[in-house]
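Taking it in order: structure first as structure tokens, then the write-up.
Keep in mind that the numbers below use all heavy atoms, side chains included, and drop hydrogens, waters and symmetry copies.
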Amino acid sequence: MKKRTTCVLLLSIALLLGQTNVVAAKKTETDNNRGWKLQYHEKFNQKLPVDEAPWVMDNYGETSPWNVDHLDDDGEFFKVKGGTEFEKQLNSFHLLRKRVNFGKDGWLTAEVTARDYDKDGTPDTNASLKNVKLNRGNHSAELSTSFDSGLIIRSTDALPSEYRIEYKLRNIDFGGQRNGTFDYDDKHNGYTLEKRKSNFPWKRSGDFSGDASHNNPNFGDVTKENGYYFLSIMDYENPAPHNNVFIHNHRKVGMDAYNVSGPWAKAYGVCDPSTGELYSQTSEKSSNNAINGIFFAGDTFRDESIGYNSFMFETECGSFSDQDTTYSIISNAEIQPELMPEETYTFAIERSKTGYVMEMTGNFKYIRQKTLRYERDFIENGRPIWHYNNTPEQYDGKFNSTLTFTGPYGSYSVEQWPDDSAYPDYFIIGIPHINYYEGSAIIDDIKLYVPKKS
């Protein structure tokens, strides 16, 4: 039996106690009833040191601080797919990065990535994290990126074996519809349209030749796809933005937005928590502002050619995998950006001794103010969460497989989950792609809880 904690109705509490007491009641529940102790709390009251920090060129390769594996920005995957043509495209610009610690004890890190097309040492793309104040005087942080840059906030160190991480989202503009249309504020799906915007120079396959430019038609236009990572747990040390192929093999658990204005959105469904029924993201019911809460499967792949893990969903409409229905993504609910910043959303992930919990709280379409909370064991009904083991002792190798990656310029194989492996947990918030997604978000109140001592 799947363990899905059903939604907790907060509206009645708000009516009895007033909205200001809802947060206090939630905090008491988190601190006391669930056995957590607050270890860190970032309120963004201090000036952020990120935008003024110097840029460093990523020279790639094994000596790079941002080197991870074969799916890296200069990785073997792209070399067998694109050969010397890919290398020509990659070398046409410099990739600039910065890694900046902030918060008490430096517990948070901003990872920022931008492109230097003319190689003069100054970014030609936008990625910024700065302090802002909203109308009510709240201190917050604004994260913004262009389509060809990336920025995440992450835990500086690996998270403990048990934890709760949460934060508030106060505003967001990474696509989706507003008042029934994808076209608003002189943008389409959150993208400004002054030039062609493409996934250059990284893609899954195809022809990598042609001009070293976003105008090269061999690289796809990205403006029909926008999104944001509300909160995700990654499986490798020191996460940073990379090409969008990379991340599909590196997520354990996460909540994200994937806002699509193209016809393939018909393959994506949303759970209506008020009725327990699914509806299409192309239907009139949808505003294309859905939350995709996903437990990433460790036993099957949606696309073996890039090591893209299968999805497992827990929703108010039931438990699904991405092969159970006609929809390949099933979202939990839809946020309502038009209500922000007066309304806020809180996202949280917990790890216990036995599994993970995803939690989202806010004024959702069709159900108003609620907390939606879902949990899943590390291995449930025989299906594992991808790379759940923080130490080798937590895993016996039973879900290991070897994938072969093939292209016009060769092939190679990689074990996916060997028995002597270990994968630390790091959380990320923001935009981990450097060739997709554009916009801004305002965040606040990042908190890390650890178990209370008995």
Side-chain angles (χ1 to χ4, degrees), residues 40-55 96-104 106-115 123-156 165-176 178 184-187 189-192 226-232 239-241 255-257 259 289 291 335-347 362 427-434 436-447:
Y40 289 113
H41 182 185
E42 177 55 44
K43 299 180 181 180
F44 297 104
N45 289 331
Q46 302 298 316
K47 180 175 172 56
L48 286 164
V50 178
D51 286 0
E52 289 74 22
W55 292 97
L96 303 182
R97 293 185 180 272
K98 59 175 74 175
R99 173 176 287 173
V100 185
N101 303 141
F102 66 96
K104 184 181 179 182
W107 78 283
L108 294 172
T109 294
E111 291 276 0
V112 192
T113 309
R115 301 194 208 187
D124 297 308
T125 60
N126 170 60
S128 174
L129 183 67
K130 62 185 180 182
N131 301 87
V132 293
K133 281 189 177 183
L134 298 178
N135 294 337
R136 296 179 181 178
N138 295 313
H139 292 269
S140 303
E142 182 179 54
L143 177 159
S144 63
T145 67
S146 56
F147 76 101
D148 46 0
S149 66
L151 195 159
I152 62 168
I153 295 173
R154 65 168 172 87
S155 46
T156 299
I165 185 74
E166 69 175 57
Y167 82 103
K168 284 188 174 65
L169 179 69
R170 295 195 178 277
N171 216 340
I172 189 168
D173 186 10
F174 276 100
R178 300 294 185 275
Y184 54 90
D185 297 338
D186 297 321
K187 295 181 288 187
N189 197 22
Y191 290 91
T192 58
N226 210 342
Y228 171 81
Y229 282 66
F230 297 111
L231 183 63
S232 293
M255 294 168 280
D256 66 43
N259 304 323
N289 287 289
I291 302 168
I335 64 171
Q336 302 185 81
E338 295 93 338
L339 304 180
M340 303 171 80
E342 285 73 20
E343 300 271 3
T344 64
Y345 293 85
T346 299
F347 296 91
F427 80 82
I428 68 167
I429 299 167
I431 303 300
H433 306 316
I434 54 177
Y436 279 83
Y437 300 177
E438 176 174 294
S440 64
I442 296 177
I443 65 174
D444 201 359
D445 287 334
I446 306 178
K447 299 178 183 178

Checklist entry - Taking atom OG1 of Thr192 and atom NZ of Lys187, what is their separation to the nearest 0.5 Å? => result 8.0 Å
Checklist entry - Are Leu108 and Tyr40 close enough, and set up right, to give a side-chain contact (heavy atoms from CB on, under 4.5 Å), and what steps lead you there? => result CA-CA 10 Å; Leu108 294 172; Tyr40 289 113; over 6 Å; no
Checklist entry - Do you see a donor-acceptor pair shorter than 3.5 Å between the side chains of Thr109 and Thr156? => result yes
Checklist entry - Hey, is the main chain of Val50 close enough, under 3.5 Å, to the side chain of Lys98 for a donor-acceptor pair? => result yes
Checklist outcome for this item: Rounding to 0.5 Å, atoms CZ (Arg154) and CD (Glu111) come to a distance of 4.5 Å
Next on the checklist: Using only atom types and a distance under 3.5 Å, with no angle test, would you say the side chain of Ser128 pairs donor to acceptor with the backbone of Ser144?
Outcome noted: no
Next on the checklist: Restricting to non-hydrogen atoms, name the atom on Ala441 and the atom on Tyr228 that form the minimum distance, rounded to 0.1 Å.
Outcome noted: CB-CE1, 3.7 Å
Checklist entry - Which atoms form the tightest heavy-atom contact between Gly227 and Asn259, and what is the distance? => result CA-ND2, 4.3 Å
Checklist outcome for this item: Distance col, row Phe102:CZ vs Trp107:CH2, nearest 0.5 angstrom, shows 8.5 Å
Next on the checklist: Nearest 0.5 Å, please: how far is CE in Met255 from CZ in Phe347?
Outcome noted: 6.5 Å
Next on the checklist: Distance alone, cut at 3.5 Å: any donor-acceptor contact between the side chains of Asp173 and Ser440?
Outcome noted: no
Checklist entry - Are any side-chain N or O atoms of Asn189 and backbone N or O atoms of Gly176, one a donor and one an acceptor, separated by less than 3.5 Å? => result yes
Item to check | Nearest heavy atoms of Trp55 and Ala114, plus distance in Å | outcome: CH2-CB, 3.8 Å
Item to check | Test item: Asn131 side-chain N/O and Gln46 main-chain N/O as donor-acceptor pair under 3.5 Å | outcome: yes
Item to check | For Arg170 against Ser140, the heavy-atom pair lying closest together | outcome: CD-OG, 3.3 Å
Item to check | Gap separating the CD1 atom of Ile172 from the CD1 atom of Ile443, nearest 0.5 angstrom | outcome: 11.0 Å
Checklist outcome for this item: dist Leu151:CG -> Leu143:CG (nearest 0.5 Å) comes out at 4.5 Å
Next on the checklist: Ignoring hydrogens, what is the shortest heavy-atom contact between Ile152 and Gly430? Give both atom names and the distance.
Outcome noted: CG2-C, 4.4 Å
Checklist entry - Can a donor-acceptor pair be found between the side chains of His139 and Asp444 at a distance below 3.5 Å? => result no
Item to check | Single hit among Ile442, Leu129, Ile446, Val132 for side chain to side chain contact (heavy atoms under 4.5 Å, CB included) with Phe44 | outcome: Ile446
Checklist entry - Should the heavy atoms of other residues, nucleotides or ligands under 6.0 Å from NZ of Lys130 be counted, would the total exceed 12? => result no
Item to check | Check against ring-ring contact (aromatic ring centres under 6.0 Å, His included), His433 and Tyr229 | outcome: CA-CA 10 Å; His433 306 316; Tyr229 282 66; 5.5 Å; yes
Item to check | Asn45 atom CG: more than 12 heavy-atom contacts under 6.0 Å | outcome: yes
Next on the checklist: If we ignore hydrogens and angles and just use 3.5 Å, is the side chain of Arg97 paired with the main-chain N or O of Ala240 as donor and acceptor?
Outcome noted: no
Checklist entry - Closest heavy-atom contact between Ile434 and Gly150? => result CG2-N, 3.9 Å
Checklist entry - Hey, does Tyr167 have a side-chain heavy atom less than 4.5 Å from the side chain of Asp445? => result no
Checklist entry - Checking Asn226 side chain against Glu438 main chain: does a donor-acceptor pair fall under 3.5 Å? => result yes
